[in-house]
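Working notes for the structure below.
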Amino acid sequence: MKADGYGLGIGPVGGTLWHAGCRRFFVAYLEEGIALRRALPGPAEIYVLDGLMGGDTAGFLDAHGLVPVLNTPDDIARWGEHARRKGGRKAILSVDTGMLRLGLSAAEVAALGDDASPLDGIEIEYVMSHLASAENSSDPRNETQRRRFEEARGLLPAAKGSIANSAGTFLGVPFHYDLCRPGAALFGVSRSTGALTPMKQVVGLKGKILQVRVVDSESAVGYGATCRVPAGARLATVAAGYADGYLRALSNRGHGYAGGVRVPVVGRISMDLITFDISDVPEGAIGPGSDIDLLCAEHTVDDLAEEAGTIGYEILTALGSRYRRIYTGGPAA
Ligand SMILES: *Cc1c(COP(=O)(O)O)cnc(C)c1O
């Protein structure tokens, strides 16, 4: 549920998953954990990936019933001290197995093997790690990481294990252990998660046409005049832009759907406006006040990401706050 539930709203997304039976959630920050705790309709475990965030956050985690992921010896020291004072606390222990991002190094794990006293008072529910190359199922680093994970787990044989994000889940059962942690795949992101079959698209995005013009003589569109259009071209200007997360990299590259026809972005994306060439859409089919589909079944998050030279994760988490958001099909619908 990081980044406001992958940009789609931590409250509605969290609530929907809770009603579907999910009882274990991960967030990045303390504040996200607090927001999710408020939004969930019933009991659930919420784990904070960034741990104690190098600060004195143990009391805040506790006050909201959040469980930290311990990434460093300092995290362990602080949470251990807190746990012993409070008569015991849960945590997840994070070990780095080759991504060099978060988690204890092999040497730090070995030191805990020699002297486990820093963990006194902490009930390690899971030992977890994170895969660097899981979207490429033939990358030998996946198996290397899994082997290092097994070694680290030897230190705490009673704790459960978790290593798989979305892509790791698609690597198969040996990577599932006791808990998978899929994020992007839940929302239909497929291409960068190594999904075996495309995941169902759960998000649509429409932009409203403000103005339609027929170009009277060949000329250029938008800032910097980066695209020339011929006389007779029909252009639609839509109320959305890079301030809404319709990335500027989509200038002259993105596509939408209008009246069932694929229409290209022409010229640069502005802060609040996009211009599409709708010459191929039957005349009269759309006009000011009509919508252009920016994300739809025919043009998915993955498709738009590819046009922008990025991944679906960035498209989703960039979705701006000015859109009117409508949730359908959830428990409240
Ligand atoms: C974000 C994250 C996930 C989920 O990743 P997806 O690729 O979106 O499935 C899982 N585990 C950790 C540690 C993460 O940071």
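Ligands are counted one by one from 1 in listed order, and the atoms in each one are counted from 1 as well.
Residue G183 has at least one N or O atom closer than 3.5 Å to an N or O atom of ligand 1. Considering backbone and side-chain N/O atoms, A167 never comes within less than 3.5 Å of an N/O atom of ligand 1.
Taking a cutoff of 4.0 Å between a charged side-chain nitrogen and a carboxylate oxygen, R191 and D303 qualify as a salt bridge. With respect to R228 and E218, a salt bridge is recorded, a charged nitrogen being found less than 4.0 Å from a carboxylate O.
Listed by atom number, the atoms of ligand 1 under 4.0 Å from M128 heavy atoms are 13 (C). Taking every heavy atom of Y313 and a limit of under 4.0 angstrom, the matching atoms of ligand 1 come to 6 (P), 7 (O), 8 (O). Close approach to K2 involves these atoms of ligand 1, each under 4.0 Å from a residue heavy atom: 1 (C), 2 (C), 3 (C), 14 (C), 15 (O). Within ligand 1, the atoms closer than 4.0 Å to a non-hydrogen atom of P182 are 9 (O), numbered from 1 in the order shown. Here is the list of ligand 1 atoms found below 4.0 Å of a heavy atom in L49: 13 (C), 14 (C), 15 (O). Ligand-side atoms of ligand 1 in range of Y6: 1 (C), 4 (C), 5 (O), 6 (P), 8 (O), range being under 4.0 angstrom from any heavy atom.
For S94, the side-chain contact (heavy atoms from CB on, under 4.5 Å) partners at least two apart in sequence or on another chain are V69, N71, M128. Every residue meeting the salt bridge (Lys or Arg N to Asp or Glu O under 4.0 Å) condition with R146, not counting sequence neighbours, appears here in chain and number order: E143, E150.
A donor-acceptor contact shorter than 3.5 Å is absent between the side chain of D293 and the backbone of K206.
Protein heavy atom closest to atom 13 (C) of ligand 1, with residue, atom name and distance, is H130 ND1, 3.5 Å. When only non-hydrogen protein atoms are considered, atom 9 (O) of ligand 1 lies nearest to S166 OG, 2.5 Å.
Looking at R181 against ligand 1, both its backbone and its side chain come within 4.0 Å, counting heavy atoms. The parts of A184 lying near ligand 1 are both backbone and side chain, judged by heavy-atom distances below 4.0 Å.
Heavy atoms only, all atoms of each residue included: V202 and F187 are closest at CG2-O, 3.4 Å. Nearest heavy atoms, G267 versus N252: N-OD1, 2.6 Å.
Residue contact check for ligand 1: R101 places a non-hydrogen atom closer than 4.0 Å to it. For the ligand labelled ligand 1, residue F26 lies outside the 4.0 Å heavy-atom shell.
Taking the centre of each ring, F149 and Y177 come in below the 6.0 Å mark.
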